[in-house]
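Along the sequence shown, residues are numbered consecutively beginning with 1.
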Amino acid sequence: MGKDVSEPTTYSVDMAREKELENQVLTIDKKKKKTKEPAGVVYAVHRITALLMFFLIFIPGLNPAKITALVSKNLSLFTSAVSYSRLTENVGRGFRKGWVTEEAFQLLFVGAIITLIAIVIVSAGACINLGNNKCKRLSFLVNIVGLILLTVGLIIISKAYGEMKNAANPAKVQAEFSSGIWFYAILGGIILILTILEFVFTPIPAKKMKYEIETKYKLFLMFLPFAILAFIFCYLPLWGWRYSFFDYKAGDELTSKSFVGFKWFKYLFQNSATRAELVRVLRNTLAMSGLGILTSWIPLAFAVFLTEIKSKKFKRVVQTFTTIPNFISWILVYTVAIAIFSTDGFINTIFGSTGNHLMGDNFTWLKMLAWGIWKGVGWGAIIYIAGIAGIDKQLYEAATVDGAGRFQRIWHVTIPGLMPTFMVMLLLSVAGMLSNGLDQYLVFGNASNMNHMEVLDLYVYHLGFGGGSIPLSTVIGMAKSLVSVALLFMANGISKMVRKESII
């Protein structure tokens, strides 16, 4: 009886102790969260500010080096700091006439370089503070160094502005204090305040603590350079879409007088000649893209049969010789084509035939398809070879035990294992139906085959650089980009419905 009474009592005491310990742990966690929340906000604002400062070095409108009318309005801080010739491209006459000294522009160039280096250092400091407390302390020192250099760079640019203002011919130099100087100074001040707050919030690390960053942040920092390159080369050029709203010619400036709104958008559909040209060009584009999609299985088949070759030496030789053409420029490919198919080329010499098999307009689409396959099949097969290497070997062993032959193993194991990769590549091909590229068609194009050779990218090139109609070519480029994005989402939606898989 005593045993029956004491056991519940002991159990209830243990439960009470556990609850008390849980409450203590929760209290400690809440206190830690309260102390971490302010620091987390400071770190987040710091990183966003540093990232903003870094991206602004590519924006011409906020170039602190734009302190005179002799500096181009289209020049960013990055270009001003890496190219002295671009910085002084409009100042040749000013130097010759003595309107401004070359020393003033050299001083401006030095200030731009120091400012750019400072911004890179500050951005690196924002990345370093993703680590532990020791990294955060190091970030403080890096930020201070970067901010000191930023101050020096802006002071040198301001000094260069003073020399521009006191130039021999102020009317020609037209010195103007750049708003970018104040903008970068304000951002630098914000980062300085945030850096001091971080130093206060960050506890002093132990001496034995090593510099360490969490794995997820390491992966982010590995990805960051590629994201920056993608922004610079893929998204920053979208700023050029503004030319579609102006009557612009090469060398002109964009002003309110040249603003025409949607004039060129309307012209694209109202002009019958332009509509007919677009229909012809879209026919060529979709035909060549369609043929490319229909033959997109060739790299997969090539990869499958290549992996089935037993001789490793022969396999390496074949893979090497089929991959090399990808690294040959289309100009060299065209040179090879001339040597083989021109009037006095290899084919006519051997078979005694006449005529130029390269320049004519017969089977133009198939010719371009054949050259494209020859150039890209080896390179396109690499991703499928990697996919085959990732297929579980036990599947092949099980198929062999069940009596499957070589082709049965290919059909029932290899092909299903490659289908996810093939579908992703197919979706990307569908999304890029309007983007056939430029080099191949520009090189092979001539007066006799241009009717079937000219694709959308080549048409935009001819229209913008050959015809000088930059706004209209920009409108067509915009439409192509928007349609390509729409095609990607449509293809992805179909993939979701049919295969229950998505790439977006």
Side-chain angles (χ1 to χ4, degrees), residues 55 58-61 74 226-250 254 258-294 296 423-442 453-498 501-504:
F55 283 138
F58 303 102
I59 304 300
N74 298 321
F226 300 100
I228 293 171
L229 289 175
F231 171 80
I232 295 171
F233 293 106
C234 299
Y235 293 99
L236 193 61
L238 296 181
W239 178 244
W241 281 8
R242 69 189 190 279
Y243 291 110
S244 61
F245 302 99
F246 293 84
D247 268 333
Y248 176 79
K249 292 182 180 179
L254 301 181
S258 61
F259 181 78
V260 294
F262 292 95
K263 169 189 171 182
W264 294 108
F265 292 86
K266 296 176 182 177
Y267 179 85
L268 185 64
F269 299 100
Q270 291 175 351
N271 188 283
S272 58
T274 305
R275 287 202 307 269
E277 284 290 301
L278 279 176
V279 170
R280 177 183 64 84
V281 169
L282 285 174
R283 178 200 65 189
N284 297 336
T285 303
L286 295 175
M288 293 188 187
S289 296
L291 290 172
I293 291 173
L294 290 175
S296 59
M423 290 305 300
V424 171
M425 302 302 293
L426 183 63
L427 290 178
L428 293 176
S429 299
V430 171
M433 284 187 68
L434 298 182
S435 301
N436 300 94
L438 173 68
D439 299 354
Q440 179 183 3
Y441 307 101
L442 178 64
M453 180 71 70
E454 194 170 30
V455 294
L456 193 58
D457 289 329
L458 184 58
Y459 178 70
V460 170
Y461 171 80
H462 285 156
L463 193 65
F465 290 94
S469 184
I470 294 177
L472 185 58
S473 62
T474 305
V475 169
I476 296 173
M478 288 175 61
K480 188 196 81 168
S481 299
L482 296 174
V483 171
S484 297
V485 173
L487 286 173
L488 175 62
F489 280 97
M490 287 174 58
N492 189 68
I494 294 172
S495 176
K496 278 184 178 180
M497 289 189 297
V498 176
E501 292 183 6
S502 171
I503 64 171
I504 299 178

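Remark: D247 pairs with K263 by the salt bridge (Lys or Arg N to Asp or Glu O under 4.0 Å) rule, at least two apart or across chains. Taking F262 as the reference, F245, F265 meet the ring pair (Phe, Tyr, Trp, His ring centres under 6.0 Å) condition, with sequence neighbours excluded.
The closest side-chain heavy-atom distance from S289 to L434 is not below 4.5 Å. In this structure the side chain of I293 reaches within 4.5 angstrom of the side chain of M433, judged on heavy atoms. Side-chain contact between L268 and L278 is present, with at least one heavy-atom pair separated by less than 4.5 Å. Taking the side chain as every heavy atom from C-beta outward, L442 and H462 approach each other to under 4.5 Å.
Here the CZ-CG distance, from R275 to L282, works out to 13.5 Å after rounding to the nearest 0.5 Å. Residue Y441 holds its OH atom at 12.5 Å from CD of E454, rounded to the nearest 0.5 Å. How far CD1 of I476 is from CG of D457: 11.0 Å, rounded to the nearest 0.5 Å. Atom CD1 of residue I470 and atom CH2 of residue W264 lie 11.0 Å apart, to the nearest 0.5 angstrom.
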Hey, can you pull the donor-acceptor pairs under 3.5 Å for the side chains in residues 228-240, sequence neighbours left out?
none

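The environment of Y461 atom OH is sparse: at most 12 non-hydrogen atoms of other residues, nucleotides or ligands sit within 6.0 angstrom.
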